[in-house]
Amino acid sequence: MGSILSRALAALVALGFAASPAAAQTDDYPRRAITLIVPFAAGGPTDVISRIISDYMSRSLGQSIVIENTLGAGGTTASTRAARATPDGYTIEMGHMGTHAASVALYPNLAYKPDVDFAPIGLVAGTPVLILAKKDFPPNDLKAFVTYVKGNVATLNMAHAGVGSVSFTTCLLLNSILGVKPTSVPFNGTGPALTALIAGQVDYMCDQIVNVVQQVQAGQIKGYAIGTPERSPALPNVPTSREAGLPEFQAQAWNALFAPKDTPQPIVDKLTGALDKALDDEQTRKRLLELGSVLPGKAERGQQALAALVRREIDRWTPIIKAANPTD
Ligand code: ASP
């Protein structure tokens, strides 16, 4: 009898122990630093957006957010690591249109499913994509660019951040519209790719606006067109692809935060709340807007809106990528 009682007591105590730390883990989250995996090199658009948004989020969460640049395979190495991380809220990822949409069609054996293996936290920023070239690239407008690239493709190099990246995918779209296949030069992010473009070591590139506003304004590189229906207030002199005569080039990328799936809902909610606050913060908004980001309105924020965006973007990019035959 005594032993039954003590076993029952022990079981109760064990239950109590099992339940309370779990509750405590979500209630007082975060109790230590959070790692934010950035799938590209420091200094590029994904890295810069991550640093701006985590700066505010860490202050409102009361813990530091440590950026970990995990490089390789167009951002898919990092996303695999994020998908497999312990789902406790202490490892999250800044994904984007490449890692969480385009990579599905570009990697037949992708080790994660962007729409299944993550708990979406929320959209951080829309990032229009521009067609760019080194400053002494001969053409001065998009029409001349098209003619020049078609006529000289055998000698041209196109920079990108790896198969699966935004820069790879959007220039794949551009090249397929033009019917060209230049030599492609991969970097670990468009931060280093931009350095090579400024130095004239590569000829052209497609990239997210947040990487290039200053450099286009300063004339260090050429910006031929922006792949969105409207011009960007951050670069008002760069025409839209429609205005410049290439309306088929529609390329708006985005960055968004993801946790591994099975991260406890109260923790994901805290992260979503902190992101929401950051997106309402005047200083954070100013920093992102100056770089040409398009900030999500209330309806585009949050977990469900991001889940829907990921599915829509997989559906949008898969046929474009298949039609462009990236493996040819
Ligand atoms: N913008 C890059 C891309 O092409 C990556 C980066 O953020 O460095 O996906």
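First listed ligand is number 1; within each ligand, the first listed atom is number 1.
Side chain to side chain, Gln208 and Asn255 meet the donor-acceptor criterion of an N or O pair below 3.5 Å. Between the side chains of Thr228 and Gln252, no donor-acceptor pair is found at a separation under 3.5 Å. Defined by atom type and a distance below 3.5 Å, a donor-acceptor pair is present between the side-chain atoms of Trp254 and Glu313. Judged by distance alone, the side chains of Gln303 and Asp269 do bring a donor and an acceptor atom under 3.5 Å apart.
At least one test fails for Arg84 against the ring of Tyr112: distance under 6.0 Å to the centre or angle within 45° of the axis.
Contact annotation for Asp207 and ligand 1: only side-chain heavy atoms (C-beta onward) come within less than 4.0 Å of the ligand.
Counting protein heavy atoms only, atom 1 (N) of ligand 1 is closest to Gln208 OE1, 2.6 Å. When only non-hydrogen protein atoms are considered, atom 2 (C) of ligand 1 lies nearest to Thr190 OG1, 3.2 Å.
Residue Gly189 approaches ligand 1 through these ligand atoms, each under 4.0 Å from one of its heavy atoms: 8 (O). Atom numbering of ligand 1 starts at 1 in the shown order; those under 4.0 Å from a heavy atom of Ser167 are 3 (C), 4 (O), 9 (O). Near His96, meaning under 4.0 Å from one of its heavy atoms, ligand 1 places the atoms 3 (C), 9 (O). Listed by atom number, the atoms of ligand 1 under 4.0 Å from Ser165 heavy atoms are 3 (C), 4 (O), 9 (O).
Taking the charged nitrogens against the carboxylate oxygens, Asp280 and Lys298 do have a contact shorter than 4.0 Å, which makes a salt bridge. The existence of a salt bridge linking Asp115 and Arg311 is excluded, since no basic side-chain nitrogen approaches an acidic carboxylate oxygen closer than 4.0 Å.
The heavy atom nearest to atom 3 (C) of ligand 1, out of those in Thr169, Thr170, Thr46, Val166, is found in Val166.
Between Gly98 and ligand 1 there is no heavy-atom distance shorter than 4.0 Å.
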